[in-house]
Every structure is written in C-alpha cells, then in structure tokens.
Number of protein chains: 2
Amino acid sequence: MLSKKTQYGLKALGYLASRYGQGPVLISEIAKKKKIPIKFLESILLQLKNKGVLDSKKGKGGGYFLANSPKKTTLAAAIRIVDGPIAMIPCVSLNFYQKCKDCDEATCGLNKAMAYTRDATLKILEKKTLYDLIDTEG
Amino acid sequence: MLSKKTQYGLKALGYLASRYGQGPVLISEIAKKKKIPIKFLESILLQLKNKGVLDSKKGKGGGYFLANSPKKTTLAAAIRIVDGPIAMIPCVSLNFYQKCKDCDEATCGLNKAMAYTRDATLKILEKKTLYDLIDTEG
DNA sequence: TAGTAGTCTATTTAATTAGTAGAGTATTAT
DNA sequence: ATAATACTCTACTAATTAAATAGACTACTA
C-alpha cells in the first residue's frame, strides 16, 4: 500500500492537473476540496516542488501549479518522490536498489518473481500520467 | 514495499517449497539458512499455519512443512496473509476494501489508474506460486 | 507598506513494525 | 514413564515511520 502521504500527494496532483493553465491554486483550496490536513499537505507540495514537479508563486494571488503539462509527469515519478521505491523488495528496485545479504540474485526465486512483478507495475505507472488522475466530472 | 516480515515469510516459504515432500523442517534451520531472527520467524510461520498454508509437527523430528504442493499456493495468497492488501490504495483493494471518504469512485481518476495497476500486479501474483520461489541452485 | 500566501524548522503524537523473552504444551525415542 | 525436543502462545520492548501541529520567516503584489 502507498502511504497516506503519497495518497494525499496523488489526490492533490490530480486536482492541480484539472486546474492546469488556470494559474496558481491555493493550498487551502486543495486541502479543502480533497480533505487533506493543510499543514501536512504543505510539506508534500513543497517536496514535489523541490523535485520539479510543481512550481509555486508567493504573495497575493499565489499558490501552487504544475511545473509542466499534466502529461509530462508520470505516476511512477510522483510516487517515487513521495513514497520511495515502487518495487516490492529492495533487491529489485531500480531507483532505490539495495543488495540482499542472504541471497544470490542470480539464483534467487523470489528475486525473479518480484522483478517480473515490478516490470508489469512499471509498465503502467511509467505510462500513466497526472493527466489520468483528472476526475471525469466535478 | 513489502514489510520486512513479509519478505521473511516469502523467503521461508521458498525454502520450505524446496524441501517439499522431505518431511518437517526445523524453524532453526530455516532461520539460519535465510538469516531471519528466529523468534520473529516463529510468529510468521504460525500465522501461515493458521491460514492453512503451512502445517507443523511437534516434538522430536518435528518442524514446519507446506500443507499443500508448492504450486497450490499463490504469491498473492501468501502476501495477503502476512502483509495484507496488495492494491496501492484501499478503495481498489479486492480483499481489504475501504471506501474513500472524499471521492466518488465512479469519477475518480486515481481510482481508475490504481485499479488498472492492481489488475496487472494480480495477474502475475495470482499465477506465480511458491514453486516459483525455489532457488535455481543451492 | 500592509496584507496575503508560500517556506522552513522543529516538535509532538500515534501507529506500525521489528525483535525479544520466557513459560507452556505436545510428541517421540528410549 | 520420562527426558529431550520442538512448536505454541502471551506479553513486552525498542525502533522506525507516519501523521499532524505550531510558529516564525520570507517573498510578492496591490
């Protein structure tokens, strides 16, 4: 399961995607619409900004907005920023790889199965983008 | 990511799969071979036994063993027992479903994307079994 | 220059995960 | 029988991560 933090982040990104091209959106507005604790949301958006997914404008009329078109950011990228690894075990993670102490990857059955699962998951998450998070109504 | 507990569980199941049909295996042997804290492993194996995946024999010559042929237990089943949901968000989980408070599933973009991802993951994890966890050597 | 709105640091609380300890119970070989 | 073996069960503790809060600071715009 994705952490609550990541779930909040994806909800927020979906909302910002639906408002793309319409100028900055207040954190407070996102928080209210998506029912996310505002201070918690602040830190999530900041993190996404620091990684280049979001941009913001300070002062009156300020707020957050997507740094790029919704189709430019994949779900895989967003999840990696907020949640970390997408793979189910560290020794098959592409971006957060960690070696197993107790097994040889060349012969490990678990490694093979999980690498296969990772590929199937990534095939989707690398293709789906923030654009796909836009709600079909409301 | 799967919890450490689940990773341990899968390693242990892989080992027991490789020893299927050869009688009970000591917890201590599994712990040693797979470098798992023995007391922690105890509780994992017990949990798997209570769900019918494993069986055990007490006393001298006792130990744990698979309750069924390795191909009978899917990775999805094993993961659900130890880790819980396989889906990335609760509102698309088949076995641990929880309704979103803040969105309508019929129109939610995130819901759609995650349901799609879940299907791809399950397609593999429902097909792969403990048999696939057997190491190709050693 | 006042007010708005994001930025940043630090702290707290809660929950979950990971691991430990030890007494209890069933089984089997002798 | 009984001693040794090996799983069972309950309880506890430590470590880590998630979640949420507080408040001072900075930048921007009207």
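All chains are named by letter (A, B, ...) in the order of the sequence lines, taking the proteins before the strands, and each is independently numbered beginning at 1.
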Test: K34(B) cationic atom under 6.0 Å from Y15(B) six-membered ring centre, within 45° of axis: no
For Q47(A) and dT9(C), what is the distance between atoms CD and C1' respectively, to the nearest whole Å? 15 Å
Give L45(A) one of three labels, base, sugar-phosphate or nothing, depending on what nucleic acid heavy atoms sit under 4.0 Å from its own. nothing
Could you state the OH-C1' distance from Y8(A) to dA20(D), rounded to the nearest angstrom? 9 Å
Taking atom OH of Y116(A) as the centre, report whether more than 12 heavy atoms of other residues, nucleotides or ligands fall under 6.0 Å from it. no
Would you confirm whether K112(A), through its side chain, and A106(A), through its main-chain N or O, come within 3.5 Å as a donor-acceptor pair? yes
Under 3.5 Å donor-acceptor pairs involving side-chain atoms of residues 38-55 of chain B, not counting sequence neighbours:
residue, atom, partner, partner atom, Å
S43(B), OG, F40(B), O, 2.8
Q47(B), OE1, K5(B), NZ, 3.0
Q47(B), NE2, I81(B), O, 3.1
K49(B), NZ, S56(B), OG, 3.1
N50(B), ND2, L46(B), O, 3.4

Please work out if V82(B) contacts a base, only the sugar-phosphate, or nothing of the nucleic acid, heavy-atom cut-off 4.0 Å. nothing
Give a yes or no answer on whether the side chain of Y20(A) reaches the backbone of S69(A) with a donor-acceptor pair at less than 3.5 Å. yes
Could you tell me how far apart M1(A) (CE) and dA15(C) (P) are, to the nearest whole angstrom? 16 Å
If I take atom CD in residue E29(B) and atom P in nucleotide dT5(D), what distance separates them, rounded to the nearest angstrom? 17 Å
dG6(C) OP1/OP2 closer than 4.0 Å to side-chain N/O of K60(A): no
Starting at CG of L48(A) and ending at C1' of dG6(C), how long is that distance when rounded to a whole Å? 15 Å
Between the main-chain N or O of A113(A) and the side-chain N or O of T117(A), is there a donor-acceptor pair closer than 3.5 Å? yes
Any residue of residues 34-44 of chain B with a heavy atom less than 4.0 Å from an atom of DNA chain C: P37(B), K39(B), F40(B)
Pairwise 5' ranking along DNA chain D for T6(A) and G59(A), keeping only the more 5' one: T6(A)
